There are 2 protein chains.
Amino acid sequence: MKSEKYNYKYPRPALTADCIIFGFDGLDINILLIQRGIEPFKGKWAFPGGFVRMEESTEECAIRELHEETGIKNVFIEQLYTFSDIHRDPRERVVTVAYFALVKTSDYKLIAGDDAKNVKWFKIKDIPSLAFDHDVIFRIAHNRLKGKIRYQPIGFELLDEKFTMPQLQLLYESILEIKFDRRNFNNKLMKTGLLTPLNEKQQNVRHRAPRLLKFNKKKYSELLNSGFNFEI
Amino acid sequence: MKSEKYNYKYPRPALTADCIIFGFDGLDINILLIQRGIEPFKGKWAFPGGFVRMEESTEECAIRELHEETGIKNVFIEQLYTFSDIHRDPRERVVTVAYFALVKTSDYKLIAGDDAKNVKWFKIKDIPSLAFDHDVIFRIAHNRLKGKIRYQPIGFELLDEKFTMPQLQLLYESILEIKFDRRNFNNKLMKTGLLTPLNEKQQNVRHRAPRLLKFNKKKYSELLNSGFNFEI
DNA sequence: ACAAAAGTGTTTGGAATACACCCATGC
DNA sequence: GCATGGGTGTATTCCAAACACTTTTGT
């Protein structure tokens with residue numbers, strides 16, 4: 001019996017899903033890469049991803065492959081773009097649907113899966129040249145992230161439940177690659193009403209301890225309902 | 001010899017591309033639909049689209065199918081979203097990459113292709129229930145269009161080379177489904193510098209004739225280069 | 001005491017909004 | 001002359017940006 005047992009009247013491209021996972025470590029934005037253990041591009045770094053099965057959507061595939069290849073689970077991913085250049089995979093015609101997410105690195109322990117020699121967070125400045133067309137995919141994902149964070153308060157999910165204003169500012173500066181005026185940043189964020197100041201201060205800091213804040217989820221859902229206008 | 005001559009080790013979803021074409025007719029925004037001539041959903045209205053070939057990208061496929069099924073060519077399309085729900089096509093597993101574009105209806109003559117009984121522009125208010133998951137796709141496309149038009153001066157391409165301020169306002173109001181103050185709309189648009197007033201007036205109007213304008217492409221490319229901030 | 005980082009408020013300029021009267025044209 | 005819709009400017013409000021001094025804490 002032949003091993004190619006799935007037969008179609010017309011040829012079909014293979015379909016994959018890839019995950020571009022941005023991770024904030026409290027200081028920098030990182031990107032999650034796996035080192036390929038098999039050809040093509042064996043030894044090169046790439047985004048986790050793999051072939052879509054018949055019983056799963058591309059989104060489910062992305063989540064499954066992410067888990068299999070890196071150990072990460074429970075991530076909310078969002079569709080980024082579909083890449084379908086004819087020659088993007090040297091083996092054969094492969095179309096990939098790319099997803100992205102933003103997480104905090106400390107929430108996950110990385111475990112390399114079967115097809116991957118290695119899994120690692122890379123600082124954005126230190127990203128090596130990637131397999132396939134993943135350099136292109138990365139640029140597009142990074143731009144999307146920059147756009148998204150200005151209009152949606154996703155930033156808060158990257159910090160601990162209690163966090164400080166300087167931490168939040170660092171996060172935004174790290175993603176957007178710009179600097180904010182500390183006073184204006186504070187004014188604007190406090191004016192949203194989404195941050196509740198606590199009567200606690202950060203511990204174990206070398207100098208004056210900043211106040212802790214928490215994200216006000218109740219206020220956020222109110223804002224969402226009443227036609228929402230968050231913007232940094 | 002068997003007709004299913006393309007054999008793969010693992011099963012593959014079929015891959016299609018669909019086109020959501022918005023058309024402005026000077027008064028309303030319309031959407032281009034074809035009436036299906038074959039099962040499934042024979043007789044129902046749907047977006048033009050079809051199966052991706054091995055020698056074309058999904059974008060090229062969308063453009064080709066659009067031409068084959070409606071006669072329309074030379075359209076700049078933009079990727080919208082990829083739909084991969086397992087049951088979105090009753091025949092078998094089909095993943096579709098949706099593209100959208102905004103054109104003026106008067107630029108094109110519609111010609112129904114082989115698989116389509118009929119091609120027609122529908123006013124947004126008059127859209128019938130659609131085949132497959134195309135209702136969902138339409139909602140997503142419409143929201144994307146609303147978002148896009150506020151940040152990119154795509155509106156000008158929908159009018160004649162010479163147009164009037166009231167026409168432009170009508171266009172924006174029609175897409176965004178809101179009303180603008182006539183004076184403020186005028187002030188804001190003129191302040192962009194993208195509109196050059198001509199020494200001509202609209203002809204054959206029942207009342208006071210508005211002045212004609214044209215879009216200043218040179219100014220627009222300057223703006224694009226110098227980090228661009230168009231917003232309505 | 002000093003070094004490091006946090007906390008805070010005011011002023012200014014520009015953009016968005018609200019708003020009303022006069023003008024041209026066809027009938 | 002009247003009905004329809006076009007053309008235009010100003011006052012106000014709000015938001016964004018620029019900007020500096022004082023306070024806390026560890027060493």
Side-chain angles (χ1 to χ4, degrees), chain A residues 26-28 146-147 149-151 153 159-160 162-174 176-214 223 226-232, chain B residues 26-27 146 149-151 153 155 159-160 162-174 176 178-214 223 226-232:
Chain A
L27 205 62
D28 285 303
K146 287 187 195 178
I149 200 166
R150 298 195 87 111
Y151 301 101
L159 298 166
D160 296 324
K162 298 175 182 182
F163 54 89
T164 68
M165 191 60 81
Q167 285 171 342
L168 187 61
Q169 183 173 347
L170 211 56
L171 165 62
Y172 275 90
E173 291 181 341
S174 165
L176 294 170
E177 301 177 302
I178 54 175
K179 296 286 177 198
F180 290 99
D181 179 273
R182 199 157 50 88
R183 292 157 291 188
N184 291 338
F185 187 84
N186 180 72
N187 293 160
K188 195 174 345 184
L189 271 286
M190 290 316 288
K191 211 166 3 179
T192 65
L194 292 172
L195 299 181
T196 308
L198 304 172
N199 287 323
E200 294 177 67
K201 301 199 166 181
Q202 195 177 32
Q203 300 298 314
N204 304 317
V205 283
R206 286 183 299 283
H207 303 293
R208 179 176 181 173
R211 183 172 60 190
L212 289 169
L213 308 166
K214 68 173 187 183
L223 274 188
S226 63
F228 164 40
N229 55 349
F230 179 87
E231 181 175 341
I232 301 291
Chain B
L27 205 62
K146 287 187 194 179
I149 200 167
R150 297 197 87 111
Y151 301 102
L159 297 167
D160 296 322
K162 298 174 182 181
F163 55 89
T164 69
M165 191 60 80
Q167 285 172 342
L168 187 62
Q169 184 173 347
L170 210 57
L171 166 62
Y172 275 89
E173 290 180 341
S174 165
L176 293 171
I178 54 177
K179 297 285 175 198
F180 291 100
D181 179 274
R182 200 158 50 91
R183 292 157 290 190
N184 291 338
F185 186 83
N186 180 73
N187 292 160
K188 196 177 340 185
L189 271 286
M190 290 315 290
K191 211 164 5 178
T192 64
L194 292 172
L195 300 181
T196 309
L198 304 173
N199 288 322
E200 292 177 71
K201 300 199 165 180
Q202 195 176 32
Q203 301 298 316
N204 305 317
V205 283
R206 284 184 299 284
H207 303 292
R208 179 175 181 176
R211 183 172 59 192
L212 290 168
L213 308 164
K214 67 174 189 182
L223 274 187
S226 63
F228 162 41
N229 55 348
F230 178 87
E231 182 174 340
I232 299 292

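Residue numbers begin at 1 in each chain, while the letters A, B, ... track the order of the sequences. What you see is a predicted model; the values in this text were computed from it and never measured.
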Checklist entry - When all nucleic acid strands are considered with a 4.0 Å heavy-atom cut-off, which category describes B:D181: base, sugar-phosphate, or nothing? => result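 Contact class for B:D181: base.
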
Checklist entry - Base, sugar-phosphate, or nothing: which does A:R182 touch, judged by heavy atoms less than 4.0 Å apart? => result base

Next on the checklist: Please report the interatomic distance CD(A:E173) to CG(A:D28), rounded to the nearest 0.5 Å.
Outcome noted: 12.0 Å

Checklist outcome for this item: So CG of B:L159 and CG of B:L212: to nearest 0.5 Å the spacing works out to 11.5 Å

Checklist entry - Can you list every side-chain hydrogen bond (donor to acceptor under 3.5 Å, both in side chains) pair that touches residues 176-185 of chain A, not counting sequence neighbours? => result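 Listed by first then second residue: A:K146-A:E177, A:D181-A:R183.
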
Checklist entry - Can you list every pair that meets side-chain hydrogen bond (donor to acceptor under 3.5 Å, both in side chains) and has a residue in residues 189-206 of chain B, with sequence neighbours left out? => result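 Checked against side-chain hydrogen bond (donor to acceptor under 3.5 Å, both in side chains) - neighbours excluded - the pairs reaching residues 189-206 of chain B are B:K162-B:E200.
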
Checklist outcome for this item: On a heavy-atom basis, the closest approach of B:G26 and B:L170 is O-CD2, 3.8 Å

Checklist entry - Can you name the closest pair of heavy atoms from B:P197 and B:L195 and give their distance? => result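 Nearest heavy atoms, B:P197 then B:L195: CD-O, 3.6 Å.
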
Next on the checklist: Tell me whether the rings of A:F180 and A:F185 are parallel (<30°), tilted (30 to 60°) or perpendicular (>60°).
Outcome noted: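 The rings of A:F180 and A:F185 sit tilted, inter-plane angle from 30° to 60°.
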
Rounded to whole Å, please give me the gap between [atom1] in [X] and [atom2] in [N].
X: A:R150; N: D:dA16; atom1: CZ; atom2: P; answer: 11 Å
X: A:F185; N: D:dC15; atom1: CZ; atom2: C1'; answer: 17 Å
X: A:Q167; N: C:dA5; atom1: CD; atom2: C1'; answer: 13 Å
X: A:L170; N: C:dA5; atom1: CG; atom2: P; answer: 12 Å
X: B:F163; N: D:dG6; atom1: CZ; atom2: P; answer: 15 Å
X: A:L189; N: C:dG7; atom1: CG; atom2: C1'; answer: 15 Å
X: B:F180; N: C:dA18; atom1: CZ; atom2: C1'; answer: 15 Å
X: B:Q202; N: C:dT25; atom1: CD; atom2: P; answer: 13 Å

Next on the checklist: Side chain of A:P210 only, heavy atoms from C-beta on: which candidate in D:dG6, C:dG7, D:dG9 is closest?
Outcome noted: C:dG7

Item to check | Contacts of A:K188 that satisfy side-chain hydrogen bond (donor to acceptor under 3.5 Å, both in side chains) - sequence neighbours left out | outcome: none

Contacts under 3.5 Å, N or O only, protein and nucleotides 23-27 of chain D:
from   : atom 1 : to     : atom 2 : distance (Å)
D:dT23 : O2     : A:R208 : NH1    : 2.5
D:dT24 : O4'    : A:R208 : NE     : 3.4
D:dG26 : O4'    : A:R206 : O      : 2.6

Checklist entry - Could you go step by step and tell me if A:L198 and A:R211 meet the side chain to side chain contact (heavy atoms under 4.5 Å, CB included) rule? => result CA-CA 7 Å; A:L198 304 172; A:R211 183 172 60 190; 5.8 Å; no

Atom pairs under 3.5 Å: protein N/O with N/O of nucleotides 10-16 of chain C:
none

Under-3.5 Å N/O pairs linking protein and nucleotides 11-14 of chain D:
none

Item to check | Side chain to side chain, B:T164 and B:L213, heavy atoms closer than 4.5 Å | outcome: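 In short, these two side chains do not touch, never coming nearer than 4.5 Å.
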
